[in-house]
Amino acid sequence: MPDQTFKAMIVEETEPKKFTRRIGERKIGDLPEGDLLIRVHYSSLNYKDALSATGNKGVTRNFPHTPGIDAAGEVVECGSKKFIPGDQVLVTGYDLGMNTAGGFGQYIRIPCDWAVKLPSGLSLRESMIIGTAGFTAGLSVLKLEQAGVRSCDGEILVTGATGGVGSIAVSILAKQGYKVVAVTGKASAADYLKELGASEVIAREAVLEGAERPMMKERWGGAVDVVGGDMLAAVLKSTRHGGAVTCCGLVGSPELPMNVFPFILRGVSLLGIDSVQCPREPRLTVWDKLAGPWKPEHLEETAGECTLEGLEEKIQAILKGEIKGRTVVNLQD
Ligand SMILES: NC(=O)c1ccc[n+]([C@@H]2O[C@H](COP(=O)([O-])OP(=O)(O)OC[C@H]3O[C@@H](n4cnc5c(N)ncnc54)[C@H](OP(=O)(O)O)[C@@H]3O)[C@@H](O)[C@H]2O)c1
């Protein structure tokens, strides 16, 4: 078994700050230590994977490396009683795909605690259409609800709406009866977003209009933001009294050019979302909801599929903000 080889993406630092990617063979014996060996059937592409694959040391310090922060497959060996061979499991977050060889390889070895038993109601493929992006969308909705945001509180804004987190957030919120306004930079994606459940689709500029002022007219009952920067600042300034805004991403900017007025004059809450170290209890709650009442109606419509060989093109597209929905990676021979 240790000498058994499998196919994986291998990212190498050929000279300082110069990275190459190829699909090659790795050995099971070279995988990191851990008590759970999984044969990966599906993974998915997230923005963070593209950063890891292009040598971003904020995500991955050591190369050669196999990215892939998501994986779903079958247990091959388990060193504890938690799982038995043949169990179907999914893994998102922790160190997978960062400095632990990830789901862009046909096998992973991880600590048992990172794995979640596949909830009934989801196939392995569906769990990876959802993946870290969908889990993050689910965690964002959970946090909004825990902060008291309700569908009767007015419109909910979703930024980066055609992206992985955004598209699934639109679907979940619409399914729960929220009136969802989707922000996108892709004018051609309006029909797609309406099919997912958005009641209105607006351009990024519409959110930013008037954002130079200390406060803006109240509009949003709550929001899911993946963009950060000026967009997040504008969203906070236009959130209604008592509303809440989740922050998970930085595709626009990691900065937050803000004042304190929305917090002290309107009681607006800014809710941080971390899907990586999310504790087990909310993790299981979100996955159960995603397999049940929150399961997006149009899951298949949000997904494209590629093989390991097809990943390169998708990595380039996600880095340019050109991906629509989710990309599942099929690792079966
Ligand atoms: N905190 C966590 O645990 C966590 C988990 C998952 C993801 N994330 C982060 O969340 C963010 C989104 O992830 P994702 O997987 O959804 O990425 P994605 O699929 O690439 O989607 C991001 C979307 O944001 C919009 N966008 C891109 N560049 C923009 C810009 N400069 N200004 C405004 N909008 C822009 C685009 O949508 P439109 O064209 O429709 O506007 C794009 O499709 C990333 O920063 C990611 O690292 C964080």
Side-chain angles (χ1 to χ4, degrees), residues 44-51 53-54 125-126 128-134 136-138 140-141 155-176 178-211 219-220 222-235 238 245-253 295-307 310-330:
S44 79
L45 178 66
N46 296 275
Y47 191 74
K48 204 171 182 179
D49 298 319
L51 294 180
T54 48
R125 186 173 182 281
E126 285 175 328
M128 288 293 99
I129 299 178
I130 293 171
T132 285
T136 304
S140 303
V141 175
E155 297 163 310
I156 302 291
L157 188 75
V158 177
T159 66
T162 64
V165 176
S167 57
I168 297 185
V170 170
S171 295
I172 297 173
L173 287 161
K175 197 172 176 191
Q176 297 314 297
Y178 290 89
K179 199 168 174 215
V180 182
V181 177
V183 188
T184 183
K186 304 178 184 84
S188 59
D191 289 345
Y192 166 75
L193 289 167
K194 285 192 173 158
E195 264 170 47
L196 296 186
S199 54
E200 192 183 340
V201 178
I202 60 175
R204 294 175 193 165
E205 297 72 32
V207 179
L208 297 172
E209 207 179 310
R219 178 162 181 192
W220 319 116
V224 172
D225 179 68
V226 307
V227 177
D230 291 337
M231 178 76 78
L232 177 56
V235 173
S238 47
V245 178
T246 62
C247 161
C248 74
L250 71 174
V251 289
S253 166
K295 186 171 175 181
E297 295 287 352
H298 303 278
L299 205 49
E300 277 301 331
E301 285 91 319
T302 61
E305 185 174 309
C306 70
T307 57
L311 256 174
E312 182 57 37
E313 190 191 329
K314 304 288 181 188
I315 287 170
Q316 298 302 335
I318 203 165
L319 286 171
K320 290 185 206 141
E322 287 171 0
I323 288 266
K324 210 169 86 180
R326 299 275 298 142
T327 303
V328 170
V329 188
N330 188 340

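Everything quoted here is computed from the prediction, not taken from an experiment.
Once rounded to the nearest 0.5 Å, the distance linking CG of N46 with CD1 of I323 reads 10.5 Å. In this structure, S44 OG and I130 CD1 are separated by 10.5 Å, a value rounded to the nearest 0.5 Å. Remark: I156 CD1 to L173 CG distance equals 6.5 Å, nearest 0.5 Å.
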* Asked: Does the side-chain contact (heavy atoms from CB on, under 4.5 Å) test come out yes or no for V183 and M231, once each step is laid out?
  -> CA-CA 10 Å; V183 188; M231 178 76 78; 4.1 Å; yes
* Under the side-chain contact (heavy atoms from CB on, under 4.5 Å) rule, what do L196 and E297 come out as? Steps first, then yes or no, please. => CA-CA 8 Å; L196 296 186; E297 295 287 352; over 6 Å; no
* Go through the steps to decide whether V235 and V207 satisfy the test side-chain contact (heavy atoms from CB on, under 4.5 Å), and finish with yes or no. => CA-CA 7 Å; V235 173; V207 179; 3.9 Å; yes
* To do: Starting from the C-alpha separation in whole Å, work towards a yes-or-no answer on side-chain contact (heavy atoms from CB on, under 4.5 Å) for T159 and V251.
  => CA-CA 10 Å; T159 66; V251 289; over 6 Å; no
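In this structure, T327 has no side-chain hydrogen bond (donor to acceptor under 3.5 Å, both in side chains) partners at least two apart in sequence or on a different chain. The side-chain hydrogen bond (donor to acceptor under 3.5 Å, both in side chains) search around K295 returns E126, not counting sequence neighbours. Residues satisfying the side-chain hydrogen bond (donor to acceptor under 3.5 Å, both in side chains) test with T132, not counting sequence neighbours, are D70. With sequence neighbours excluded, no residue satisfies side-chain hydrogen bond (donor to acceptor under 3.5 Å, both in side chains) with Y47.
In this structure, the side chain of R326 engages the main chain of L45 through a donor-acceptor pair within 3.5 Å. Side-chain N or O atoms of R125 include none that pairs as donor or acceptor with a backbone N or O of N330 at under 3.5 Å.
The stretch residues 192-201 participates, sequence neighbours left out, in these salt bridge (Lys or Arg N to Asp or Glu O under 4.0 Å) pairs: E200-R219. For residues 167-176, the set of pairs meeting the side chain to side chain donor-acceptor pair (under 3.5 Å) definition, not counting sequence neighbours, is empty.
More than 12 non-hydrogen atoms from other residues, nucleotides or ligands lie less than 6.0 angstrom from CD of Q316.
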